[in-house]
Amino acid sequence: MSTDLIAHQLVRYLEHRGVEHVFGLCGHTNIAVLAALSNSDRIEFVNTRHEQLAAHAADGYARVTKRASVVLSHLGPGLTNAATGVANAALDSIPMVVIAGDVPSHYYGKHPHQEINLHADGAQSEIYRPFVKRVWRVDSAHLFAEILDKAFALAESGRPGPVLVDVPMDIFSAEVDVATFDRVMAGTHSLARPSLDPATAEQIVANLLAAERPLLHVGGGAVLADATNELAELVDHLQLPVTHSLMGKGVVADDNPCVVGMTGFWGTEFSNRTTRTADWILALGTRFAEADSSSWEEKYTFRIPGSKLMQIDIDPTELGRNYPLEIGAVADLKPAIAALVAAAKRLAPEGVRRPELLAQISASRADFAERNAAAVTSEAWPMRPERILAEVRQILPSDAIITTDVGWNKNGMAQQMDILTPGSVLTPGGFATMGFGAPAALGAKIAAPDRVVVSLVGDGGFGANPAVLYTAREKGLAVVWIVMNNNAFGTIAGLEQAHFGTTYGTVFENEDGPVPTDFGAVARAYGVEGITLTSAAEFAPALKEAVALGRPVVIDVPMVNVPTPTAGHWNIMDIYSPGAGIHHAATN
Ligand SMILES: Cc1ncc(C[n+]2csc(CCOP(=O)(O)OP(=O)(O)O)c2C)c(N)n1
Ligand SMILES: [Mg+2]
């Protein structure tokens, strides 16, 4: 029998699986793994300054590679620091394998260093249970290989998501029979995915063909399933109008004439009206989240029943959860949409043309652009957010990867910035984690070094996680962070102002006035290029220069604190100001 240290075999397994990067932060429980990684010429460790950054960077990486990313965490405070990032990945269905050190197995409950033992012994992994697909604590070295293999398979299959492999530190240093690893490495790591049966596909297409006002409503599931080519084919063949969720932004490229726009609170009036007046809706890979559905109030968005709904999703728990269904199907969207395309070509070989509808969509988009034009061209200083977004779009190549955080950068991007390459925008939809966008860009750049990667982020979000700059410098990652700096948690300031007439606790000021942060100077302190602007006219040239530099750059862009326009509804309005019809207010 040939034996070896688990830490060595773990690295061998990861290499065999094609893993090229491990994101994490050290602690006394995982240095055996780091030492093993130091001998690998195929895997690079991405060192971060906070486990939340490691998890968000791994999240961004997995969104681009479409494979499970790997996080290596310390126990206790390391694992709790990572929790926000892992939960964010979970709520957006991103595959990830988190490997965490734990206290030595022979000391459970004695309170060895950093054990969480107050109300359960050696139970740190329990903290992750509500959001990861499965938690394994490895109590026997000979089961490690099987557990690891199951962890990757589960993270990547069905509805993707993170899993936790929690490893008492003595197990990393245990000798194991190498055959236990050989065995799992001999099997396939690529599983066939469930499709849609031809009869159901025909029924769905027949309903769309018979409809007077059909609608396709798409979510991020189509990107996760790598089904955007199939989707474009379906849309083009039947010329179906397309609305989308936040996560569905760019899933059908915005320059496709069928794209109506985003729905819900931050959607457009035309998108919301289109959802209410459709007679048949086919929803693909979307969960009808609250923000996309105006808190499910039919006065604003989606009128179901009324409209008849058909929904396809890989996760049965999403089907019919918030709206009743005429047809529901559990399937992977890639083969399922291919089945719909095949059915559409059988039932309508010539395809469908809807010139009037396309004209309406085009007129409505032009109308939005016209109403936005004054803000987009405004010389105002601090800058108008609308102008920042418009100039970013003009300057970046169409396949640039854009990450957003929360705030104007996310809501405004989804509402009014064209995304031209499906899957090129990474945004935190399900958990809406402030602090995601800046580190997610690190992972995206590592995964796609040849693409331009830009992070749109607020001063609140960037201020939460500025240590991304350390990793960017260490690895020489040419990400450009555009800090939309309104010196406030602006989105929340606008809500508080509207409902309570104050911005207490939401703007960055003290009794002497504003307490601003110059993020250009912060960047320079990390040894990263930092640009601080002094007029709106400087922004576009600065961005061009930053993209051309090929180094990490922060552009601090002073921005007015005005709310993102809203055309839908959010029920919190009825909680704070019942019946008053108030949404947001500008705070300066
Ligand atoms: C971790 C976390 N804490 C709090 C919030 C609530 N929240 C939503 S938007 C926002 C303000 C973000 O401020 P900033 O990044 O400056 O963007 P702005 O709204 O000013 O455009 C906050 C605090 C959140 N989404 N995530
Ligand atoms: Mg802000």
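One is the number of the first residue; the rest follow in order along the sequence. In listed order, ligands and their atoms are each counted from 1. Keep in mind that this is a model prediction, so the values were computed, not measured.
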Determine the interplanar angle of the His569 and Tyr300 rings, folded into 0 to 90°, and report it as parallel if under 30°, tilted if 30 to 60°, perpendicular if over 60°.
-> parallel

Does Thr491 approach ligand 1 within less than 4.0 angstrom via side chain, backbone, both or neither, non-hydrogen atoms only?
-> both

Asn486 contact mode with ligand 1 (heavy-atom cut-off under 4.0 Å) | side chain

Enumerate the atoms of ligand 1 whose separation from the nearest heavy atom of Gly460 is less than 4.0 angstrom.
-> 14 (P), 15 (O), 16 (O)

Stepwise salt bridge (charged side-chain N to carboxylate O under 4.0 Å, His left out) test for Asp418 and Arg365 = CA-CA 11 Å; Asp418 285 350; Arg365 290 181 76 109; 3.1 Å; yes

Numbering the atoms of ligand 1 from 1, which are under 4.0 Å from a heavy atom of Trp408?
-> 21 (O)

Please confirm whether Asp405 comes under 4.0 Å of ligand 1, counting heavy atoms of the residue only.
-> no

Tell me: protein heavy atom nearest atom 23 (C) of ligand 1, and distance?
-> Met434 SD, 3.7 Å

Verify side-chain contact (heavy atoms from CB on, under 4.5 Å) between Ile127 and Leu79, making sure each step is shown before the conclusion.
-> CA-CA 9 Å; Ile127 296 168; Leu79 197 59; 6.0 Å; no

The protein heavy atom nearest to atom 9 (S) of ligand 1 is Val406 CG2, 3.7 Å

Using the six-membered ring wherever Trp is involved, compare the ring planes of Phe519 and Phe462 and label them parallel, tilted or perpendicular (cut-offs 30° and 60°).
-> perpendicular

Look at the side chain of Ser378 and the backbone N and O of Ala374, then say whether any donor-acceptor pair between them is shorter than 3.5 Å.
-> no

For Ala432, the ligand 1 atoms whose distance to one of its heavy atoms is below 4.0 Å | 24 (C), 25 (N), 26 (N)

Looking at Asp459, the N/O/S atom that lies nearest to the Mg ion (ligand 2) is called OD1

State whether the shortest distance between N or O atoms of Asn409 and N or O atoms of ligand 1 falls below 3.5 angstrom.
-> no

If you scan protein heavy atoms around atom 22 (C) of ligand 1, the nearest is Ile492 CG1, 3.5 Å

Could you check which of Gly490, Gly437, Gly458, Pro563 puts a non-hydrogen atom nearest to atom 18 (P) of ligand 1?
-> Gly490

Is it the side chain (CB and beyond), the backbone, both or neither of Ala493 that lies under 4.0 Å from ligand 1, heavy atoms counted?
-> neither

Do Leu389 and Gln416 come close enough that some side-chain heavy atom pair is under 4.5 Å?
-> yes

Whether Gly458 has an N, O or S atom under 2.8 Å from the Mg ion (ligand 2) = no

